[in-house]
Amino acid sequence: MPTSRTTRRRILAGVIGGAAALALTACGGVKTTSSGGGDGKYPTGNIEFTVGASAGGSTDLITRALAQGMGKELGVSTPVLNKPGANGALNAKELQSAKADGYKLAVQNASLFTITPLTVSPAEATKIDAFDVITGVSRDDYVMATNSQSGYKSIEDMKKAGKTIRYGTTGVGTGAQLASALTFKTAGIEATAVPFDGGAPALTALLGNQVDVSTMQIGEAIENIKAGKLVPLAVFSDQRIPYLPDVKTAKEQGFDVLVTQYRFLTAPKGTPEDVKARLLEAAKKTFATPEYKKFNEDNSLTPMEVSPQEVLSSLQKDTATYKEQLSKYGISLAG
């Protein structure tokens with residue numbers, strides 16, 4: 001999720017600064033190591049956070065902000081490594097195979113478990129029961145927007161245009177693709193998907209009039225919406241979004257389309273209970289800090305700091321709902 005350069009520099013600088021401070025502490029006599037081990041109380045070494053997406057996107061920024069705060073709480077360094085590919089599936093596979101000792105974690109996206117499995121074979125699908133969920137983190141809502149030159153102001157305007165709409169998405173098997181496909185199908189609008197590899201290229205294409213509309217996460221589009229370069233047509237949440245209070249939901253416009261992206265902190269399956277409790281405590285303390293709360297506001301994120309059970313319940317419910325809707329309308333999300 002592209003955000004302001006100032007915000008991004010602040011996050012990255014904080015991570016680097018935190019690591020440097022810990023290194024100086026180590027020189028002063030407090031030992032830190034690159035991995036776990038020994039008989040000391042967890043954690044006795046650095047905790048690695050991996051990201052299944054490129055640097056600068058929403059998952060990356062959220063991971064860095066969370067890792068920075070948790071590192072301070074736990075008194076260790078928390079390096080963040082980007083391992084993009086297959087909507088996070090490659091990183092998930094690596095985490096799944098890691099040692100379950102609490103020294104390797106990842107913030108993962110709901111779409112990998114609720115939507116991507118609808119586009120691949122059962123053998124290829126990533127399953128949530130291969131991981132331990134530590135806590136919910138935040139929700140990232142979607143907005144469908146158009147270039148200000150298009151003349152569209154609503155979903156109904158596209159229907160009245162009587163033309164095939166070219167719509168950009170952030171990739172195959174993503175919430176952006178699902179929300180768009182459901183909207184056009186239920187509205188009876190002829191449309192063709194143009195998938196991009198993430199929000200940044202989808203935004204660039206929309207600004208350049210290469211597509212008629214695009215669905216992105218709000219944080220990816222909000223600066224250009226406020227600047228008047230993009231016109232928001234709908235959000236796909238149950239209620240209006242505080243960050244775009246004047247934008248009607250798809251539901252308000254007569255189209256029952258509810259799709260959101262949310263993220264949660266995970267560890268390899270079988271991580272010890274005391275380790276998970278320590279990680280949860282550090283995450284909760286991070287969530288409560290003014291710095292992290294401001295990070296959420298700056299990036300148009302809605303806190304979803306819920307229990308593992310609530311995360312799992314949401315994943316199960318959403319998977320069933322999306323599967324039923326795709327079957328009902330005869331939609332295929334496969335590339």
Side-chain angles (χ1 to χ4, degrees), residues 1-18 49-72 78 80 82 84 88 106-112 135-145 170-171 174-176 179 198-204 206-207 214-227 229-230 232 235-237 239-247 259-265 283-306:
M1 171 176 57
T3 184
S4 67
R5 292 181 179 178
T6 301
T7 300
R8 188 174 301 167
R9 283 199 298 267
R10 183 172 65 250
I11 295 168
L12 295 178
V15 174
I16 295 171
F49 285 71
T50 59
V51 184
S54 300
S58 51
T59 304
D60 175 69
L61 294 177
I62 291 168
T63 301
R64 292 181 186 278
L66 185 59
Q68 178 183 341
M70 290 179 66
K72 289 180 180 179
T78 50
V80 177
N82 294 86
V107 173
Q108 300 204 63
N109 300 337
S111 60
L112 177 60
T135 179
V137 178
S138 56
R139 194 183 82 225
D140 205 355
D141 294 289
Y142 289 107
V143 60
M144 179 180 285
T170 56
T174 62
L203 174 62
T204 299
L206 184 59
L207 290 170
S214 187
T215 295
M216 299 164 285
Q217 288 156 354
I218 287 178
E220 294 168 335
I222 195 167
E223 288 186 7
N224 284 288
I225 289 174
K226 290 182 176 179
K229 295 179 181 180
L230 296 180
V235 291
F236 298 99
S237 53
Q239 299 179 343
R240 293 195 188 189
I241 305 301
Y243 302 110
L244 294 173
D246 297 327
V247 182
V259 181
T260 61
Q261 177 72 289
Y262 48 96
R263 296 176 177 82
F264 37 89
L265 182 62
K284 285 183 174 180
K285 288 183 177 179
T286 298
F287 294 152
T289 63
E291 294 82 4
Y292 191 84
K293 290 181 178 180
K294 187 174 188 304
F295 164 77
N296 277 338
E297 293 176 2
D298 288 346
N299 291 277
S300 307
L301 297 166
T302 301
M304 189 177 167
E305 297 152 6
V306 299

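On a predicted model such as this, the values are computed, not experimentally measured, just so you know.
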S.K.: Is the closest side-chain heavy-atom distance between V235 and D141 below 4.5 Å?
M.R.: no
S.K.: Using only atom types and a distance under 3.5 Å, with no angle test, would you say the side chain of Q261 pairs donor to acceptor with the backbone of S111?
M.R.: yes
S.K.: Set out, in order, the CA-CA distance, both residues' side-chain angles and the distance that settles side-chain contact (heavy atoms from CB on, under 4.5 Å) for T302 and Y262, then state yes or no.
M.R.: CA-CA 9 Å; T302 301; Y262 48 96; over 6 Å; no
S.K.: How many angstroms lie between NZ in K284 and OG1 in T289, if you round to the nearest 0.5 Å?
M.R.: 15.0 Å
S.K.: Between L203 and L230, is the side-chain contact (heavy atoms from CB on, under 4.5 Å) condition met? List the steps.
M.R.: CA-CA 10 Å; L203 174 62; L230 296 180; 3.7 Å; yes
S.K.: Quick check for you: to the nearest 0.5 Å, what is the distance between L66 atom CG and L265 atom CG?
M.R.: 6.0 Å
S.K.: T215 and A179: which non-hydrogen atoms are nearest, and at how many Å?
M.R.: CG2-CB, 4.4 Å
S.K.: If I compare all heavy atoms of T59 with all of R263, which pair ends up nearest, and what's the gap?
M.R.: OG1-NE, 2.9 Å
S.K.: Working to the nearest 0.5 Å, report the span between CG of L244 and CD1 of I225.
M.R.: 5.0 Å
S.K.: Determine, stepwise, if the pair F49 / R64 fulfils side-chain contact (heavy atoms from CB on, under 4.5 Å).
M.R.: CA-CA 8 Å; F49 285 71; R64 292 181 186 278; over 6 Å; no
S.K.: Might you point out which heavy atoms bring Y243 and I222 nearest each other, and give the distance in Å?
M.R.: O-CD1, 3.7 Å
S.K.: Testing the basics here: between A221 and V143, what is the closest heavy-atom pair and its distance to 0.1 Å?
M.R.: CB-CG1, 4.1 Å
S.K.: Rounded to the nearest 0.5 Å, what separates atom CG in D298 from atom NZ in K293?
M.R.: 14.5 Å
S.K.: Has N82 got a side-chain atom pairing as donor or acceptor with A53's backbone, closer than 3.5 angstrom?
M.R.: yes
S.K.: In Å and rounded to the nearest 0.5 Å, what is the CE to CZ distance from M144 to F236?
M.R.: 4.0 Å
S.K.: Is there a donor-acceptor pair closer than 3.5 Å between any side-chain N or O of T286 and the backbone N or O of M70?
M.R.: yes
S.K.: What I want to check is whether the side chains of R139 and S237 have a donor and an acceptor closer together than 3.5 Å.
M.R.: no
S.K.: What's the separation between atom OH in Y142 and atom OG1 in T260, rounded to the nearest 0.5 Å?
M.R.: 8.0 Å
S.K.: How close do V306 and T135 get, counting heavy atoms only, and between which atoms?
M.R.: O-OG1, 3.3 Å
S.K.: For the residue pair S138 / N296, report whether a side-chain donor-acceptor contact shorter than 3.5 Å exists.
M.R.: no
S.K.: Taking all non-hydrogen atoms of both residues into account, name the closest pair between G71 and T78 and its distance.
M.R.: CA-CG2, 3.6 Å
S.K.: Apply side-chain contact (heavy atoms from CB on, under 4.5 Å) to the pair M216 and L206, showing each step before the final yes or no.
M.R.: CA-CA 11 Å; M216 299 164 285; L206 184 59; 4.0 Å; yes
S.K.: Between V247 and I241, is any pair of side-chain heavy atoms under 4.5 Å apart?
M.R.: no
S.K.: Are any non-hydrogen side-chain atoms of M304 and F264 less than 4.5 angstrom apart?
M.R.: no
